[in-house]
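The structure appears below as structure tokens.
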Amino acid sequence: MQAARKIMMTFTEGDSPVWRELLVPYQATAADLGRWLSLAGGYSGRESWELLCHEFKMRITEDRQLLDEAKALKAQRQAEAEAKGEEAAEVAGETIIVRASDLPLAPFLTDHPKLTFIYDMTDEWRWQVTAEDMNEPVAGQLPRLVQGMGTAPFVGVGGLQGYYDLVSELTENGPEARAIRDWLDREGLFFYDADRVQAALGQERENDH
């Protein structure tokens, strides 16, 4: 038994409902959550992702380039302020960049239970994420998929329309259907399968240990 949170993630684009419900450990970081959301969405986890907290204009990321740019800008402002004999001031309304692995989910998610999850900064697949603390400890291994519906568009297919074109080609068994299936296999892409999602989350848990 362990303390847990229920996470609901809902894909905000497309014509059909796509959502996942997860149980995740209470003690974790935003980096953990980002990986779990990636896998729950059916993604490989190789592409970049971000969590957005709109209330604080906060971008939560593990993107090294973005973090380095934010660090360099902060150092520049500090140096300019010191040269003037002043303290560096925060810029009102500026977006804050936070390293995901430095941000514990407790108590952050309790105070800010609504986030946006963006996967793949090229296509920017957006999910709305809500978190709810469980009143009682839960049994079983975490993280785990509780239930879900629908397939999120694949990465690298030319956006939402490209995904619909791919699905249509497979459904109609068009001339490119076999090549598409081979490509999906090579890339490890699959239409929503609860067992495969759970297996991916289980592998992530084993890797953490």
Open item on the list: I need the minimum non-hydrogen distance between L201 and L145, along with the two atoms involved.
Closed with: CD1-N, 3.8 Å

- [ ] Search all heavy atoms of D63 against all heavy atoms of S48 and return the closest pair with its distance.
- [x] OD2-CB, 4.3 Å

TODO: Verify whether one side chain among Y26 and Q2 offers a donor that lies under 3.5 Å from an acceptor in the other.
DONE: no

TODO: Using a 4.5 Å cut-off on heavy atoms from C-beta on, say whether the side chain of L166 contacts that of F154.
DONE: yes

Open item on the list: Would the distance check show the side chain of D32 and the main-chain N or O of T29 forming a donor-acceptor pair, the cut-off being under 3.5 Å?
Closed with: yes

Task: Same apolar cluster: W49 and V155, side chain cutoff 4.5 Å - done: yes

Task: From M8 atom CE to R20 atom CZ, the distance as rounded to the nearest 0.5 Å - done: 11.0 Å

Open item on the list: Measuring only between side-chain heavy atoms, which start at C-beta, is D123 closer than 4.5 Å to Y163?
Closed with: no

Task: Atom pair CG (D120) and CD (E50), whose distance is rounded to the nearest 0.5 Å - done: 11.5 Å

Task: Note, W36 side chain near L142 side chain (heavy atom, < 4.5 Å) - done: no

Open item on the list: Hydrogens and angles aside, do S168 and D165 bring a side-chain donor and acceptor to less than 3.5 Å of each other?
Closed with: no

TODO: Could you tell me whether E136 atom CD has more than 12 heavy atoms of other residues or ligands within 6.0 Å of it?
DONE: no

Open item on the list: Between R59 and L52, is the side-chain contact (heavy atoms from CB on, under 4.5 Å) condition met? List the steps.
Closed with: CA-CA 5 Å; R59 296 173 66 180; L52 307 182; 3.7 Å; yes

Task: Euclidean distance, S38 OG relative to L33 CG, rounded to 0.5 Å - done: 9.0 Å

TODO: May I ask whether F190 and W19 are part of the same hydrophobic cluster, defined by side-chain heavy atoms of I, L, V, M, F, W, Y residues being less than 4.5 angstrom apart, directly or through others?
DONE: no

TODO: Could you tell me the separation between the CH2 atom of W125 and the OH atom of Y43, rounded to the nearest 0.5 Å?
DONE: 7.0 Å

Open item on the list: Does D193 form a salt bridge (Lys or Arg N to Asp or Glu O under 4.0 Å) with R196? I'd like the steps, not just the answer.
Closed with: CA-CA 5 Å; D193 181 322; R196 291 188 68 166; 5.4 Å; no

Open item on the list: Within the 4.5 Å heavy-atom criterion, are L37 and L22 side-chain neighbours or not?
Closed with: yes

Task: Heavy-atom side-chain contact between Q141 and Q198 under 4.5 Å - done: no

Open item on the list: If I compare all heavy atoms of V197 with all of L39, which pair ends up nearest, and what's the gap?
Closed with: CG1-O, 4.0 Å

Open item on the list: Once rounded to the nearest 0.5 Å, what's the spacing between atom CG of L170 and atom CD1 of I180?
Closed with: 5.0 Å

- [ ] Identify whether the distance between the nearest side-chain nitrogen and carboxylate oxygen of R35 and E62 falls below 4.0 Å.
- [x] no

Open item on the list: Counting only heavy atoms from other residues, nucleotides and ligands, does the tally under 6.0 Å from CZ of R181 exceed 12?
Closed with: yes

Open item on the list: If I compare all heavy atoms of I7 with all of V129, which pair ends up nearest, and what's the gap?
Closed with: CG2-CG1, 3.8 Å

TODO: First locate atom OG1 of T151, then atom CZ of F11, and finally report the distance between them rounded to the nearest 0.5 Å.
DONE: 11.0 Å

- [ ] Return the minimal non-hydrogen interatomic distance between F191 and V167, and the atom names on each side.
- [x] CE2-CG2, 4.0 Å

Just list the side-chain donor-acceptor pairs under 3.5 Å for residues 108-118, sequence neighbours left out, or say none.
from, atom 1, to, atom 2, distance (Å)
T110, OG1, R5, NH2, 3.2
T110, OG1, D133, OD2, 2.9
H112, ND1, E55, OE1, 2.9
T116, OG1, H54, NE2, 2.9
T116, OG1, Q128, OE1, 3.4
T116, OG1, Q128, NE2, 3.4

Task: Beyond-backbone contact of V18 with W127, side-chain heavy atoms, under 4.5 angstrom - done: yes

Open item on the list: Could you check whether any side-chain heavy atom of L23 comes within less than 4.5 Å of a side-chain heavy atom of M134, counting everything from C-beta outward?
Closed with: yes

- [ ] For side-chain contact (heavy atoms from CB on, under 4.5 Å), just list the numbers for E187 and R46, CA-CA rounded to whole Å, side-chain angles, deciding distance to a tenth of an Å, and then say yes or no.
- [x] CA-CA 11 Å; E187 295 297 317; R46 295 190 296 266; 3.7 Å; yes

Task: Minimum-distance pair of heavy atoms, taken over all atoms of G45 and Y119 - done: N-OH, 3.0 Å

Task: Results of salt bridge (charged side-chain N to carboxylate O under 4.0 Å, His left out) for E169 - residues two or more places apart only - done: none

